[in-house]
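Questions regarding the structure given below will be posed in turn.
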Amino acid sequence: QVQLVESGGGLVQAGDSLRLTCEASATATVYALAWFRQAPGKEREFVAALTWHDDKTYYSDSVKGRFTVSRDHAKITLYLEMRSLKVDDTAVYYCAASPTWYNNRHYYTREVGYSYWGQGTQVTVSS
């Protein structure tokens with residue numbers, strides 16, 4: 001079992017930065033942690049992921065170059081550093097954990113690759 005708690009969301013202005021934190025408690029092996037987001041009226045989409053054993057990172061095209069995902073090596077904690085925020089980044093941001101090893105890393109950029117989800121944290125970017 002893996003429990004995930006997100007924090008760090010809030011209301012910011014376009015161009016600002018924000019850091020999200022996902023803290024996990026796990027009794028199962030975690031192979032990857034990721035961030036997804038869901039904007040009002042839209043489907044949930046992949047944002048960024050990090051595979052735990054090799055620290056490889058993956059990003060969606062919409063956030064590449066602006067967002068950075070990182071981890072705390074002493075505990076199961078994932079961060080999302082968001083810079084140059086845009087109004088379109090407004091969404092509920094969810095942390096997800098994968099207890100499955102995939103040879104095809106593409107699964108770590110898809111919802112189907114994750115079995116555990118947090119409750120989400122709201123990020124609102126005003127113009």
Side-chain angles (χ1 to χ4, degrees):
Q1 289 293 322
V2 180
Q3 293 183 322
L4 303 167
V5 178
E6 304 97 334
S7 61
L11 172 63
V12 296
Q13 291 189 324
D16 284 352
S17 299
L18 202 60
R19 187 196 203 198
L20 303 184
T21 299
C22 171
E23 295 182 277
S25 57
T27 56
T29 300
V30 173
Y31 288 97
L33 287 179
W35 291 99
F36 288 76
R37 68 186 181 185
Q38 187 168 20
K42 295 187 177 181
E43 294 186 351
R44 189 156 54 184
E45 64 174 1
F46 170 74
V47 175
L50 188 150
T51 48
W52 226 241
H53 74 290
D54 58 7
D55 283 353
K56 285 193 181 296
T57 56
Y58 306 86
Y59 297 95
S60 67
D61 289 342
S62 61
V63 307
K64 199 174 295 183
R66 299 188 299 121
F67 291 11
T68 302
V69 65
S70 62
R71 61 177 285 187
D72 184 330
H73 285 77
K75 49 188 177 181
I76 309 176
T77 300
L78 187 73
Y79 304 103
L80 185 67
E81 193 75 40
M82 305 184 292
R83 298 180 296 275
S84 301
L85 282 161
K86 304 175 181 179
V87 173
D88 286 348
D89 294 319
T90 295
V92 177
Y93 283 71
Y94 296 92
C95 182
S98 177
T100 305
W101 168 255
Y102 295 108
N103 284 322
N104 184 347
R105 300 300 186 93
H106 190 59
Y107 281 101
Y108 293 127
T109 67
R110 297 285 189 90
E111 286 192 53
V112 68
Y114 295 87
S115 302
Y116 301 99
W117 295 84
Q119 293 299 308
T121 185
Q122 176 71 47
V123 173
T124 303
V125 184
S126 64
S127 58

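Just so you know, these numbers use all the heavy atoms, side chains as well, and skip hydrogens, waters and symmetry mates.
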So, Asp89 and Lys86, do they make that salt bridge, N to O below 4.0 Å?
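Not counted as a salt bridge, because no side-chain N and carboxylate O are separated by less than 4.0 Å.
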Are Tyr108 and Tyr102 an aromatic pair by the rule of ring centers under 6.0 Å?
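They qualify: ring centres under 6.0 Å apart.
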Give every donor-acceptor pair under 3.5 Å between a side-chain atom in residues 74-83 and any protein atom, sequence neighbours left out.
residue, atom, partner, partner atom, Å
Arg83, NH1, Thr68, OG1, 3.4
Arg83, NH2, Thr68, OG1, 3.1

So with a 6.0 Å cut-off around CZ of Arg110, is the heavy-atom count from everything else above 12?
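Atom CZ in Arg110 is not packed in, count stays at 12 or less.
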Check whether the side chains of Ser98 and Thr100 place a donor and an acceptor atom closer than 3.5 Å, and report yes or no.
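The answer is no; no qualifying pair exists.
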Hey, does the side chain of Glu6 reach the backbone of Gln119 with a donor-acceptor pair shorter than 3.5 angstrom?
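Flag set: sc Glu6 to bb Gln119 pair under 3.5 Å.
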Path from Val2 to Val69 over hydrophobic side-chain contacts below 4.5 Å
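Same cluster: Val2 reaches Val69 through Ile, Leu, Val, Met, Phe, Trp or Tyr contacts under 4.5 Å.
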Does any donor atom in the side chain of Trp101 or Asn103 lie under 3.5 Å from an acceptor atom in the other side chain?
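Yes, because at least one side-chain N or O of Trp101 sits under 3.5 Å from a partner of the opposite role on Asn103.
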Can you hop from Tyr59 to Leu50 via hydrophobic side chains spaced under 4.5 Å?
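Linked within one cluster.
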Common cluster, Val92/Val63, ILVMFWY with side-chain heavy-atom separation under 4.5 Å:
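No, Val92 and Val63 fall in different hydrophobic clusters.
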Give the intermediate values and the outcome of side-chain contact (heavy atoms from CB on, under 4.5 Å) for residues Arg71 and Trp52.
CA-CA 9 Å; Arg71 61 177 285 187; Trp52 226 241; 3.1 Å; yes
Table please: side-chain donor-acceptor pairs of residues 40-47 below 3.5 Å, with sequence neighbours left out.
residue, atom, partner, partner atom, Å
Arg44, NE, Glu111, OE1, 3.3
Arg44, NH2, Glu111, OE1, 3.2
Glu45, OE2, Arg37, NE, 2.6
Glu45, OE2, Arg37, NH2, 3.1

Within 6.0 Å of CD in Gln38, more than 12 heavy atoms from elsewhere
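Yes, because the 6.0 Å sphere around CD of Gln38 holds more than 12 heavy atoms from other groups.
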Under 3.5 Å, side chain of Thr121 to main-chain N/O of Tyr93, donor-acceptor pair present?
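The answer is no, because no donor-acceptor pair under 3.5 Å joins these two groups.
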Less than 6.0 Å separating the ring centroids of Tyr107 and Tyr114?
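So the answer is no for these two rings.
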Transitively linked via ILVMFWY side-chain contacts under 4.5 Å: Val112 with Tyr116?
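Hydrophobic grouping puts Val112 apart from Tyr116.
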Aromatic centroids of Phe67 and Trp35 separated by under 6.0 Å
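No, ring centres 6.0 Å or more apart.
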Give the table of side-chain donor-acceptor pairs shorter than 3.5 Å for residues 10-34, with sequence neighbours excluded, one pair per line with atom names and distance.
residue, atom, partner, partner atom, Å
Asp16, OD2, Gln13, N, 3.1
Thr27, OG1, Gln1, N, 3.0
Thr27, OG1, Gln1, O, 3.3

